[in-house]
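Heads up: the structure comes next, in structure tokens.
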Amino acid sequence: MSKSEQFEPRIIAFCCNWCGYAGADLAGASGYRYPANIVIIRVMCSGRVDPMFILRAFQFGADGVMVIGCHPGDCHYGKGNFFTLRRVKILKRLLEQFGINPKRLRLEWVSAAEGEKFARVVNEFVNEIKKLGPSPLKKR
């Protein structure tokens, strides 16, 4: 067994209450499988995910962070997901400056009716993080 097969990443997912979190709930209720090493943090809106939450997640050992919100135009609070899109783009550039591969941060739009999509994107992300290996911050 190679190191990448043994490595189980720690993933933090900030999920919008109305869409991302509901999509996760539907995935579980529908029997779609996704790894148990993802920690879901429910937020009222993806727009409420402070960039410091994401940076702190990496600082405290996350190998990857996801932000999962409503599709653009469907935000229950108006434009929260548009703010999130801008923040994530900026954070990816900032992470690169810190020596963290920007692929370790992923933004996804998942509606409450997309349980299968939730499971699929989480599985894809976990596999991508496994290929990248442990966070470089864990070495410090």
Side-chain angles (χ1 to χ4, degrees):
M1 194 179 288
S2 72
K3 281 188 177 183
S4 64
E5 290 172 354
Q6 293 175 3
F7 168 61
E8 285 298 327
R10 291 179 62 191
I11 308 291
I12 303 297
F14 294 98
C15 294
C16 158
N17 179 65
W18 306 103
C19 288
Y21 191 82
D25 191 42
L26 180 61
S30 300
Y32 296 114
R33 297 198 179 270
Y34 57 90
N37 50 342
I38 182 169
V39 176
I40 296 174
I41 298 173
R42 181 166 60 174
V43 294
M44 290 311 290
C45 177
S46 63
R48 296 295 297 159
V49 177
D50 188 303
M52 283 305 297
F53 297 167
I54 294 169
L55 295 175
R56 289 284 186 169
F58 284 115
Q59 180 185 5
F60 289 115
D63 297 300
V65 176
M66 297 184 81
V67 179
I68 303 173
C70 302
H71 288 275
D74 287 339
C75 178
H76 286 67
Y77 299 102
K79 298 180 182 178
N81 45 17
F82 290 110
F83 296 133
T84 302
L85 179 61
R86 279 194 320 207
R87 287 182 189 135
V88 167
K89 285 181 180 180
I90 293 167
L91 273 169
K92 283 182 173 247
R93 285 186 285 181
L94 185 62
L95 288 174
E96 203 163 25
Q97 295 297 313
F98 292 153
I100 299 170
N101 189 325
K103 290 182 181 179
R104 292 185 181 276
L105 173 59
R106 184 166 175 175
L107 174 63
E108 284 290 340
W109 310 125
V110 176
S111 79
E114 294 178 313
E116 183 275 330
K117 181 179 180 183
F118 178 88
R120 179 174 40 81
V121 298
V122 166
N123 281 306
E124 287 171 2
F125 188 63
V126 168
N127 289 332
E128 187 169 4
I129 298 300
K130 280 185 177 183
K131 289 176 188 170
L132 293 173
S135 168
L137 295 181
K138 287 187 176 182
K139 296 175 186 172
R140 296 180 185 166

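- Between Val65 and Ala62, the closest heavy-atom pair is CG2-CB, 4.2 Å.
- Counting Ile, Leu, Val, Met, Phe, Trp and Tyr side chains that sit under 4.5 Å apart, directly or through other members, Leu26 stands alone, with no cluster partners.
- Annotation: salt bridge (Lys or Arg N to Asp or Glu O under 4.0 Å) contacts involving residues 56-73, sequence neighbours excluded, comprise Asp63-Lys138.
- Taken from NZ in Lys130 to CG in Asn37, the straight-line distance is 7.0 Å, to the nearest 0.5 Å.
- Remark: the backbone N or O of Tyr32 is not paired with any side-chain donor or acceptor of Ser30 at under 3.5 angstrom.
- Screening residues 105-120 for salt bridge (Lys or Arg N to Asp or Glu O under 4.0 Å) gives Arg106-Glu108, Arg106-Glu124, Glu116-Arg120, Arg120-Glu124 as the qualifying pairs, with residues at least two apart or on separate chains.
- No continuous path of hydrophobic side-chain contacts links Phe83 to Val88 [ILVMFWY only; heavy atoms under 4.5 Å].
- Tracing side-chain contacts under 4.5 Å through hydrophobic residues (I, L, V, M, F, W, Y), one reaches Leu94 starting from Leu107; they form part of the same cluster.
- Contact detail for Ala57 and Ile12: the closest heavy-atom pair is CB-CG1, 4.1 Å.
- You'll find the side chain of Arg104 stays beyond 4.5 Å of the side chain of Pro9, heavy atoms only.
- Judged as a ring pair (Phe, Tyr, Trp, His ring centres under 6.0 Å), the pairs with a partner in residues 106-133 (not counting sequence neighbours) are, in order, Tyr34-Phe118.
- Between Gly73 and Asn81, the shortest heavy-atom contact is N-ND2, 4.0 Å.
- Summarising the geometry, atom CD1 belonging to Ile41 is positioned 9.0 Å from atom CZ belonging to Phe53; distances are rounded to the nearest 0.5 Å.
- Taking a 6.0 Å sphere around CZ of Arg87, one finds it holds more than 12 heavy atoms contributed by other residues, nucleotides or ligands.
- Between Cys75 and the choices Cys45, Cys16, Cys19, the side-chain contact (heavy atoms from CB on, under 4.5 Å) rule is met once, by Cys45.
- Within the structure, salt bridge (Lys or Arg N to Asp or Glu O under 4.0 Å) contacts touching residues 92-102 (residues at least two apart or in different chains) do not occur.
- Listed by first and then second residue, the salt bridge (Lys or Arg N to Asp or Glu O under 4.0 Å) pairs that reach into residues 18-45 come to none, sequence neighbours excluded.
- Following chains of ILVMFWY side-chain contacts shorter than 4.5 Å, one cannot reach Phe82 starting from Val49, and the two form parts of different hydrophobic clusters.
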Problem set entry | Asn17 vs His76, side-chain contact (heavy atoms from CB on, under 4.5 Å): CA-CA, chis, key distance, verdict | CA-CA 10 Å; Asn17 179 65; His76 286 67; over 6 Å; no

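- Heavy atoms only, all atoms of each residue included: Cys15 and Ile40 are closest at SG-CG2, 3.7 Å.
- The hydrophobic cluster around Tyr77 extends to Trp18, Met44, counting ILVMFWY residues whose side-chain heavy atoms fall within less than 4.5 Å of a member.
- Under a 3.5 Å cut-off, the side chain of Ser46 and the backbone N or O of Thr84 do not form any donor-acceptor pair.
- For Lys89, the side chain to side chain contact (heavy atoms under 4.5 Å, CB included) criterion is met by Leu85, not counting sequence neighbours.
- Contact of the Leu55 side chain with the Leu91 side chain is registered, since non-hydrogen atoms from C-beta on lie closer than 4.5 Å.
- If you chain together ILVMFWY residues whose side-chain heavy atoms come under 4.5 Å of each other, Ile90 ends up in a group of its own.
- Of all the heavy atoms in Gly20 and Ile68, the pair that sits closest is CA-CG2, 3.6 Å.
- Hydrophobic clustering (side-chain heavy atoms under 4.5 Å, transitive across Ile, Leu, Val, Met, Phe, Trp, Tyr) groups Phe14 together with Met52.
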